[in-house]
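Within every chain, numbering begins at 1; the chains are lettered A, B, ... in the order of the sequence lines, protein sequences first and strands thereafter. Computed from a predicted structure; not experimentally measured.
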Amino acid sequence: GESVGLHLPTLSVQEGDNSIINCAYSNSASDYFIWYKQESGKGPQFIIDIRSNMDKRQGQRVTVLLNKTVKHLSLQIAATQPGDSAVYFCAENMADYKLSFGAGTTVTVRA
Amino acid sequence: DTGVSQDPRHKITKRGQNVTFRCDPISEHNRLYWYRQTLGQGPEFLTYFQNEAQLEKSRLLSDRFSAERPKGSFSTLEIQRTEQGDSAMYLCASSSGQGARLNTEAFFGQGTRLTVV
């Protein structure tokens with residue numbers, strides 16, 4: 001089975017609000033995580049990554065939080081915009097060079 | 001455009017035909033990956049190259065699938081005797097790095113959407 005999963009398959013958010021997308025992973029050996037955004041018909045787009053020696057990392061309008069105790073990852077998007085509507089995947093790297101993806105969360109931004 | 005490039009973007013083929021896809025990674029990246037994505041699912045790992053060496057193949061990659069990266073630059077993925085179940089998005093990604101771990105970001109191309117009719 002998959003070792004990376006998302007708590008909710010869909011998320012609807014009002015434009016301008018903050019979004020929080022959650023992801024649970026099961027392999028405690030995973031030490032590198034990436035969030036990707038995928039728009040319809042396109043490939044996954046790198047958003048932000050985090051290593052297991054960190055618990056928080058910030059980018060432009062995005063923050064990733066890692067809680068290794070409960071094996072939980074989240075992506076926070078500040079001031080969500082219509083262009084943020086997409087499917088978001090978390091991916092984990094388990095002690096080698098490949099990524100394991102969950103099924104994704106579809107984010108819809110309401111105007 | 002200096003990102004990962006895939007060609008073609010779309011391919012419709014009849015069952016039983018052979019198809020070949022091409023991936024051009026980011027030029028300085030020594031690692032290249034192929035993934036497959038079906039509707040509503042996340043990408044699934046197929047195979048991995050470090051330079052020209054193919055270091056791992058997933059069990060998803062049946063004998064009808066073959067991938068090459070002859071000069072350590074571009075890669076091709078061939079599917080022989082296509083089946084309807086092969087219909088999916090085929091994604092290529094590249095990254096840099098050494099050692100046995102993925103420790104730098106992997107960037108994906110736009111994918112090749114295969115439809116087998």
Side-chain angles (χ1 to χ4, degrees), chain A residues 1-10 21 23-27 29-54 57 59 62 64 73 75 86-107, chain B residues 1 3-7 9-10 21 23 25-26 29-51 53-61 88-113:
Chain A
E2 294 179 337
S3 63
V4 173
L6 289 156
H7 291 308
L8 293 173
T10 62
I21 306 166
C23 176
Y25 65 96
S26 60
N27 192 326
S30 296
D31 64 354
Y32 181 56
F33 305 87
I34 303 178
W35 279 100
Y36 286 94
K37 171 187 179 184
Q38 188 173 27
E39 297 174 279
S40 181
K42 297 185 178 181
Q45 176 187 353
F46 176 91
I47 301 173
I48 192 167
D49 59 359
I50 189 166
R51 303 183 195 285
S52 59
N53 62 351
M54 305 172 70
R57 189 156 190 239
V62 294
V64 55
L73 197 67
L75 178 71
V87 180
Y88 290 80
F89 294 97
C90 66
E92 72 179 294
N93 174 236
M94 295 183 287
D96 58 13
Y97 35 72
K98 56 183 177 284
L99 293 167
S100 178
F101 287 79
T105 292
T106 301
V107 172
Chain B
D1 187 353
V4 178
S5 177
Q6 292 188 246
D7 182 71
R9 291 291 310 277
H10 304 275
F21 310 140
C23 171
I26 293 171
H29 284 179
N30 59 334
R31 295 175 166 180
L32 187 146
Y33 317 81
W34 285 98
Y35 285 78
R36 181 171 69 186
Q37 185 177 28
T38 53
L39 200 60
Q41 301 299 314
E44 296 174 293
F45 171 81
L46 291 179
T47 191
Y48 161 67
F49 290 86
Q50 181 149 318
N51 300 311
Q54 187 174 20
L55 297 187
E56 185 173 341
K57 292 173 63 174
S58 163
R59 283 170 290 182
L60 294 174
L61 219 61
M89 173 82 89
Y90 290 85
L91 293 161
C92 177
S94 70
S95 71
S96 59
Q98 299 296 329
R101 305 300 300 270
L102 173 67
N103 49 19
T104 61
E105 53 267 32
F107 295 95
F108 282 82
Q110 298 288 43
T112 294
R113 168 74 64 189

*Step by step, work out the side chain to side chain contact (heavy atoms under 4.5 Å, CB included) result for B/Q41 and A/F89.*
CA-CA 10 Å; B/Q41 301 299 314; A/F89 294 97; over 6 Å; no

*Given side chain to side chain contact (heavy atoms under 4.5 Å, CB included), test B/E105 with A/Y36 step by step and report yes or no.*
CA-CA 10 Å; B/E105 53 267 32; A/Y36 286 94; 5.8 Å; no

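Between the NZ atom of A/K98 and the CG atom of B/L55 there is a distance of 11.0 Å, given to the nearest 0.5 Å.
When B/H10, B/M89, B/R113, B/E56 are compared by the number of non-hydrogen pairs under 4.5 Å with chain A, B/E56 comes out ahead.
For the pair A/L99/B/Y35, a side-chain contact is recorded, criterion being any heavy-atom separation below 4.5 Å from C-beta on.
Heavy-atom distances place no part of B/Q6 under 4.5 Å from chain A, backbone and side chain included. Heavy-atom distances place the side chain of A/Q38, and not its backbone, under 4.5 Å from chain B.
In this structure, the side chain of B/Q110 engages the main chain of A/G43 through a donor-acceptor pair within 3.5 Å.
Between B/F108 and A/F101, the ring planes are perpendicular. Angles over 60° get that label, and only those under 30° would be called parallel.
Shown here for B/A106 and A/I34, the closest heavy-atom pair between the two residues is N-CD1, 4.0 Å.
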